[in-house]
Amino acid sequence: MAEILKIDGKNVKIGDDDGKVVTVPLSDINYDDVKEGDKVKIYKDDKKYIVTKASNTASMDGIFEIDEKGYRKINKHLFVWVGTFLVGGFGVDRFLRGQISVGVCKLLFGWLTLGIWPLVDWIIALSKAYGGPYSNVEEVTFDEMGNYTK
């Protein structure tokens, strides 16, 4: 992915993936608040360049995505039935939500609750994912603290 290396008044130097440096006018950049270090995509239209800001979305093999706000989006069916129902007793549901320390606690001490903790988490996941604000969408969204958002 290309990156803005330097801003010289009205020109911007962009480092490409191939190791080339491209100089474009600031007017060819199609977003506001241009800063050095921004990840961008470069397109060439005849003699003019078109530069757009690259998305800050990260993904992990289709399991979940992290958007620009730091929110995790997970397929609700995968989260409820695999993450919570099948392997929730091992804390996988909490790991998927980004609650690593709670996931470790659930992994180490969840057996002390005789299955009540995983059962309660599964019931909450079912009610949140298939009812309320997530009933008509395919993804469940968690904020940076692992709480359900909508």
Side-chain angles (χ1 to χ4, degrees), residues 1-7 12-22 24 28-45 48-150:
M1 185 165 307
E3 180 178 340
I4 294 182
L5 301 174
K6 189 171 184 178
I7 301 172
V12 178
K13 294 188 185 276
I14 301 172
D16 200 358
D17 291 335
D18 302 335
K20 294 185 279 182
V21 176
V22 178
V24 299
D28 287 355
I29 297 183
N30 293 336
Y31 68 95
D32 296 327
D33 195 27
V34 180
K35 292 180 271 191
E36 292 179 7
D38 284 351
K39 302 292 184 192
V40 295
K41 292 183 181 178
I42 304 173
Y43 304 97
K44 189 168 183 178
D45 180 28
K48 184 177 178 181
Y49 285 98
I50 300 171
V51 181
T52 60
K53 191 168 189 176
S55 172
N56 288 336
T57 301
S59 67
M60 185 176 166
D61 298 325
I63 296 173
F64 64 83
E65 293 180 353
I66 302 174
D67 66 9
E68 58 276 349
K69 294 179 187 176
Y71 289 7
R72 293 174 181 266
K73 293 183 179 185
I74 304 171
N75 180 289
K76 72 178 180 183
H77 309 296
L78 182 68
F79 174 72
V80 171
W81 295 107
V82 176
T84 306
F85 181 71
L86 290 180
V87 290
F90 299 110
V92 172
D93 57 329
R94 297 298 181 143
F95 290 118
L96 288 173
R97 290 171 62 172
Q99 297 176 331
I100 305 303
S101 57
V102 177
V104 170
C105 287
K106 191 172 179 182
L107 175 65
L108 296 176
F109 305 112
W111 62 274
L112 291 172
T113 65
L114 302 174
I116 293 173
W117 188 359
L119 178 65
V120 169
D121 275 352
W122 180 61
I123 291 170
I124 291 170
L126 271 175
S127 63
K128 293 280 188 173
Y130 291 105
Y134 296 108
S135 60
N136 296 327
V137 295
E138 290 296 314
E139 293 179 328
V140 179
T141 306
F142 303 106
D143 64 11
E144 60 276 350
M145 299 301 291
N147 302 314
Y148 290 90
T149 63
K150 193 59 178 178

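Scope of the values below: all heavy atoms of this structure, side chains included, with no hydrogens, waters or symmetry mates.
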Self-check item: Check against side-chain contact (heavy atoms from CB on, under 4.5 Å), Y148 and F142
Solution: CA-CA 5 Å; Y148 290 90; F142 303 106; 3.4 Å; yes
**Report entry** Main-chain N/O of V137 paired to K76 side chain as donor or acceptor, under 3.5 Å
**Finding:**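 Yes, the answer is positive, given that a donor and an acceptor are paired below the 3.5 Å cut-off.
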| With no hydrogens and no angle check, is any side-chain donor or acceptor of D45 less than 3.5 Å from a backbone partner on K48? |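 Checked: no pair found.
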Nearest 0.5 Å please: distance from the [atom1] atom of [X] over to the [atom2] atom of [Y].
{"X": "R72", "Y": "D143", "atom1": "CZ", "atom2": "CG", "answer": "10.5 Å"}
{"X": "E36", "Y": "K13", "atom1": "CD", "atom2": "NZ", "answer": "11.5 Å"}
{"X": "T141", "Y": "Y71", "atom1": "OG1", "atom2": "OH", "answer": "9.5 Å"}
{"X": "K35", "Y": "I7", "atom1": "NZ", "atom2": "CD1", "answer": "9.5 Å"}
{"X": "L119", "Y": "T84", "atom1": "CG", "atom2": "OG1", "answer": "11.5 Å"}

Search all heavy atoms of [X] against all heavy atoms of [Y] and return the closest pair with its distance.
{"X": "L96", "Y": "I74", "answer": "O-CD1, 3.3 Å"}
{"X": "P118", "Y": "T113", "answer": "CD-OG1, 4.1 Å"}
{"X": "A129", "Y": "V140", "answer": "CB-CG2, 3.9 Å"}
{"X": "F95", "Y": "G103", "answer": "CZ-C, 3.6 Å"}
{"X": "I42", "Y": "A2", "answer": "CD1-CB, 3.8 Å"}

Hey, mind stepping through Y49 and Y43 against ring pair (Phe, Tyr, Trp, His ring centres under 6.0 Å) and telling me if it holds?
-> CA-CA 6 Å; Y49 285 98; Y43 304 97; over 10 Å; no
Do the side chains of [Y] and [X] get nearer than 4.5 Å, heavy atoms only?
{"X": "Y130", "Y": "H77", "answer": "yes"}
{"X": "I14", "Y": "V12", "answer": "yes"}
{"X": "I4", "Y": "V40", "answer": "yes"}

Checking Y31 against D38 for the side chain to side chain donor-acceptor pair (under 3.5 Å) test, could you report, in this order, the C-alpha distance in whole Å, the side-chain angles of both residues, the deciding distance, and whether it holds?
CA-CA 11 Å; Y31 68 95; D38 284 351; 2.8 Å; yes
Problem set entry | side-chain contact (heavy atoms from CB on, under 4.5 Å) between V21 and D16, worked out | CA-CA 6 Å; V21 176; D16 200 358; over 6 Å; no
Task: SB check E65 K73 (cutoff 4.0 Å) - done: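 Result for this pair is no, no salt bridge flagged.
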Legend entry - Contacts of type ring-ring contact (aromatic ring centres under 6.0 Å, His included), residue W122, not counting sequence neighbours: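 So W122 forms a ring-ring contact (aromatic ring centres under 6.0 Å, His included) with W81, F85.
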(Q) Quick one, R97 with M145, criterion side-chain contact (heavy atoms from CB on, under 4.5 Å). Give me CA distance, side-chain angles, the key distance, then yes/no. (A) CA-CA 8 Å; R97 290 171 62 172; M145 299 301 291; over 6 Å; no
Among residues at least two apart in sequence or on other chains, which ones pass salt bridge (charged side-chain N to carboxylate O under 4.0 Å, His left out) with D121?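 If we apply the salt bridge (charged side-chain N to carboxylate O under 4.0 Å, His left out) test to D121, skipping adjacent residues, the hits are R94, K106.
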Under the side-chain contact (heavy atoms from CB on, under 4.5 Å) rule, what do K41 and V51 come out as? Steps first, then yes or no, please. CA-CA 6 Å; K41 292 183 181 178; V51 181; over 6 Å; no
